[in-house]
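A short write-up of the structure that comes next.
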Amino acid sequence: MNRFETNLRIPGPTALPSAVREAGARQMINHRGPEFAGMLERISAGLREFFGTSNDVALLSCAGTGGLEAAIVNTLSPGDRVLGVTIGSFGDRFARIAATYGADVTKVEVPWGQAADPAAIRTALGAGSPWKAVLLTHNETSTGVMNPIPELAAAIRDVAPDALVIVDGVSAVGAVPFEQDEWGLDVVVSGSQKSWMAAPGMAFASLSERAWEAGRTARMPRFYLDLARHRESQAAGQTPWTPAVGVMFQLDAAMGLMMAEGKSAIFLRHAACAAATRAGLEALGFELFADQRHASQTVTCAHLPADLEWKAFNAELKRRKLVVAGGQGPLSGKVFRIGHLGTVTLDEILACIGVIEEALLVLGRDVTPGSGLAAAQRAGLAALGVTATTGIAAG
Ligand code: PLP
């Protein structure tokens, strides 16, 4: 760790590798020229790899929410019946976007901390028809829950085979195995500031042929986010409007790093960091918020004990340059969240757990020095296949 920099452990924007930061400082280029076209193709190819798709992936210069809005307005018409499956605040937002544009949204509201249940989706879909689309959140960043997307998509396919499956993959695609084509997902959206190790400013939307087809008759209004225009421009090596070139420089550099590391190493690193975070927090006496069968690999959410005041606790963390996220909406002041996605390493997680342990000791809580660190290290190494006692790789 660097004492002049924070350990930025929020679930995006994430800290950036220095090569990515430097790439963002490059001189501008002509966004209608061949150098740009080459960069656009490199980034798109990388995205296709991590999305698990052969689709055209649209690169939009906007926040992740803009990508979700694009997913809605490019596939739906006012009055279309939509099932919004929500397991937290981002699922609520997704449903709200669809309703804002006039979709007839029915919500399946899963208690926060739980994942959606394929059986419940079947029941909800069976209760009415025809459904035009189902909205799913892959990783609910507000609760630290990762939905079982393949199982949910299979349930939708069974009961409502014509419904488009539209997935908010903003905070996990790129960090965990993902197979859009194999799982039959029609639209998947992600954002540059999450797993992709770049600054905020770009969203990605991958549409199946079925989704593009739906777009031809979809009547929701759109102009800036009209994906047909994006598809047409991207085929010519451009974007329809001036893109966030600086963020694209970063994405290009980050994608190079991701390709060099390889998918399986990236996924393993995230799994190890997630395991270490969970074990460290639990050893320090925190109760994890999520149903652990569906614990997120990119963000961990923990209850704040009733006698631990968030402001005082967070002040001790910030004093030690650790930046974590608080709770959102109804969870404000009740939970805190640790992001472990992007360029995160096990060492950074150990530093984070160490600081939390120190803060608890300073606040006079009953904590055994080193207990959180030891548990985190053991769990992280075990996830990497190393036994902490011998240092010898398992198997
Ligand atoms: N969906 C999920 C699951 C997210 O985690 C976020 C951001 O945290 C968003 C959507 C919205 O992304 P943005 O803040 O870039 O609009």
Side-chain angles (χ1 to χ4, degrees), residues 8-16 47 50-51 58-73 84-98 100 110 112-116 134-149 152 165-176 178 185 187-206 224-225 243-244 247-248 250-251 254 270 274 289-290 294-301 323-329 331-332 335-342 344:
L8 186 63
R9 298 266 59 89
I10 60 173
T14 65
L16 307 179
L47 291 171
F50 282 91
F51 276 65
L59 274 80
L60 311 169
S61 293
C62 60
T65 305
L68 298 179
E69 189 157 326
I72 298 291
V73 300
V85 180
T86 170
I87 66 167
S89 83
F90 289 104
D92 285 349
R93 182 187 297 183
F94 205 4
R96 214 159 55 240
I97 295 170
T100 299
V110 177
W112 289 29
Q114 305 292 312
V134 181
L135 311 181
L136 300 175
T137 312
H138 179 202
N139 183 72
E140 182 47 75
T141 318
S142 64
T143 60
V145 172
M146 202 166 266
N147 263 326
I149 293 295
L152 298 178
V165 183
I166 306 183
V167 180
D168 171 351
V170 170
S171 63
V173 182
V176 297
F178 199 88
L185 311 176
V187 188
V188 178
V189 173
S190 190
S192 55
Q193 79 276 25
K194 302 290 188 181
S195 312
W196 309 100
M197 302 194 295
M202 296 209 74
F204 321 119
S206 168
Y224 182 75
L225 295 175
V247 180
M248 288 184 69
Q250 292 192 333
L251 276 170
H270 281 85
F289 186 78
H294 298 285
S296 167
Q297 302 286 61
T298 57
V299 56
T300 295
C301 183
V323 178
V324 302
Q328 287 180 311
L331 294 181
S332 176
V335 301
F336 68 105
R337 295 170 300 144
I338 296 177
H340 32 81
L341 72 169
V344 62

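Atoms within each ligand, like the ligands themselves, are counted from 1 in listed order.
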Can a side-chain donor-acceptor contact be found between Asp92 and Thr86 if the only test is distance below 3.5 angstrom?
yes
For [X], side chain to side chain contact (heavy atoms under 4.5 Å, CB included) partners two or more places apart:
X      : value
Ala116 : Val85, Ile87, Val110, Ile121, Asn147, Leu152
Ala325 : Ile10, Pro11, Arg337
Glu69  : Val73, Ile97, Tyr101, Leu225

Has the side chain of Ser190 got a donor or acceptor atom that lies under 3.5 Å from a matching backbone atom of Val170?
yes
Write none if no such pair exists; otherwise list each N/O atom of ligand 1 with its protein N/O partner under 3.5 Å and the distance.
{"unit_1": "ligand 1", "atom_1": "1 (N)", "unit_2": "Asp168", "atom_2": "OD1", "d": "3.3"}
{"unit_1": "ligand 1", "atom_1": "1 (N)", "unit_2": "Asp168", "atom_2": "OD2", "d": "2.6"}
{"unit_1": "ligand 1", "atom_1": "5 (O)", "unit_2": "Thr141", "atom_2": "OG1", "d": "2.4"}
{"unit_1": "ligand 1", "atom_1": "8 (O)", "unit_2": "Lys194", "atom_2": "NZ", "d": "2.6"}
{"unit_1": "ligand 1", "atom_1": "15 (O)", "unit_2": "Gly64", "atom_2": "N", "d": "2.8"}
{"unit_1": "ligand 1", "atom_1": "15 (O)", "unit_2": "Gln193", "atom_2": "NE2", "d": "2.8"}
{"unit_1": "ligand 1", "atom_1": "16 (O)", "unit_2": "Gly64", "atom_2": "N", "d": "3.3"}
{"unit_1": "ligand 1", "atom_1": "16 (O)", "unit_2": "Thr65", "atom_2": "N", "d": "2.8"}
{"unit_1": "ligand 1", "atom_1": "16 (O)", "unit_2": "Thr65", "atom_2": "OG1", "d": "2.5"}

Under 30°, 30 to 60°, or over 60°: which ring-plane class applies to Phe178 and Phe51, parallel, tilted or perpendicular?
perpendicular
